[in-house]
Amino acid sequence: LARRADSLSQMQDKVRQSQQILQRTQILPDFRQLPGGVPYTINSVIETEVEFMSADSTFKHKVRKVLTLAEPLPSLTRFQLELHQIMHILLTNALEAVQEMEEAEIEVESAREGEGIGVRVRDNGPGLASEAAAHLYEPFHSTREGHLGLGLYLAKKLITRCGGEISCESSPGRTSFRLFLPPEAMQL
């Protein structure tokens, strides 16, 4: 019963996180354009999520953040909410991986990949054991104490809905998640 109660609590936390993301996106004026008529792109999603993650004092003060964002990128005309959720999950996981480190670093980059867009989120945490990597996107599988194991499962479901892909490379001292969005994900 105690384990089920803990799982329920974690699910409630995920629901609250999703509600927060929806509330944040509701305050954005328009998903097609930012103030000043600037088009909404994957870079806008990245910058917004990094800014919101800065509410966490460890992320804000103890983690070196490196953003390498390609310009110009095509406008996003759909899947904005999904991409916000995915970026939130990847940044949260990266933060948890480097939480206790002295020289913590999280890198986020965007790049054109053919006609599509690639996004990479890297951390210099301990890396993933091969057993953990084998079950990365399975629901309810987590190597972290007190975690339900739904974040990466949800990220994979969401990127698939966008017509894209997610992959992971990990070695001791580095984990990198790569997203790929095909051109049709950016068109109506």
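Here the structure is a predicted model, which is why all the values come from computation and not from measurement. Below, all heavy atoms of this structure are taken into account, side chains as well, without hydrogens, waters or symmetry copies.
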Answer whether the closest heavy-atom distance between the side chains of [X] and [Y] falls below 4.5 Å.
| X | Y | value |
| --- | --- | --- |
| Arg120 | Val108 | no |
| Thr41 | Pro74 | no |
| Gln85 | Leu154 | yes |
| Glu96 | Asn93 | yes |
| Ile166 | Phe180 | no |
| Leu179 | Leu90 | yes |
| Ser44 | Gln80 | no |
| Ile89 | Phe177 | no |

Item to check | Single hit among Met53, Glu49, Glu47 for side-chain contact (heavy atoms from CB on, under 4.5 Å) with Met87 | outcome: Glu49
Where the side chain of [X] meets the backbone of [Y], is there a donor-acceptor pair that is under 3.5 Å apart?
| X | Y | value |
| --- | --- | --- |
| Lys65 | Val63 | yes |
| Ser54 | Val50 | yes |
| Ser110 | Val119 | no |
| Ser170 | Leu128 | yes |

Check this for me, if you would: do [X] and [Y] make a salt bridge, where the nitrogen-to-carboxylate-oxygen distance has to be below 4.0 angstrom?
| X | Y | value |
| --- | --- | --- |
| Arg122 | Glu105 | no |
| Glu103 | Arg64 | no |
| Lys157 | Glu82 | no |
| Lys156 | Glu138 | no |

Residues, nucleotides or ligands: over 12 heavy atoms within 6.0 Å of [X] [atom1]:
| X | atom1 | value |
| --- | --- | --- |
| Glu169 | CD | no |
| Glu71 | CD | yes |
| Tyr153 | OH | no |
| Glu51 | CD | no |

Item to check | Working for side-chain contact (heavy atoms from CB on, under 4.5 Å), residues Glu107 and Val121 | outcome: CA-CA 6 Å; Glu107 302 172 50; Val121 178; over 6 Å; no
Of the non-hydrogen atoms in [X] and [Y], which two are nearest, and what is the gap between them?
| X | Y | value |
| --- | --- | --- |
| Pro182 | Gly163 | CG-O, 3.1 Å |
| Ile86 | Ile159 | CD1-N, 3.6 Å |
| Asn43 | Ala70 | ND2-O, 2.7 Å |
| Asn124 | Met101 | O-CE, 3.0 Å |
| Asp56 | Thr58 | OD1-N, 2.9 Å |
| Cys168 | Thr175 | SG-CG2, 3.9 Å |

Approximate separation, where rounding is to 0.5 Å, of [X] [atom1] and [Y] [atom2]:
| X | Y | atom1 | atom2 | value |
| --- | --- | --- | --- | --- |
| Glu165 | Arg178 | CD | CZ | 6.5 Å |
| His84 | Phe52 | NE2 | CZ | 8.0 Å |
| Leu181 | Leu83 | CG | CG | 5.5 Å |
| Ile106 | Phe59 | CD1 | CZ | 5.0 Å |

Checklist entry - Passes side-chain contact (heavy atoms from CB on, under 4.5 Å), Glu109 versus Leu67? Steps please. => result CA-CA 6 Å; Glu109 67 180 52; Leu67 299 180; over 6 Å; no
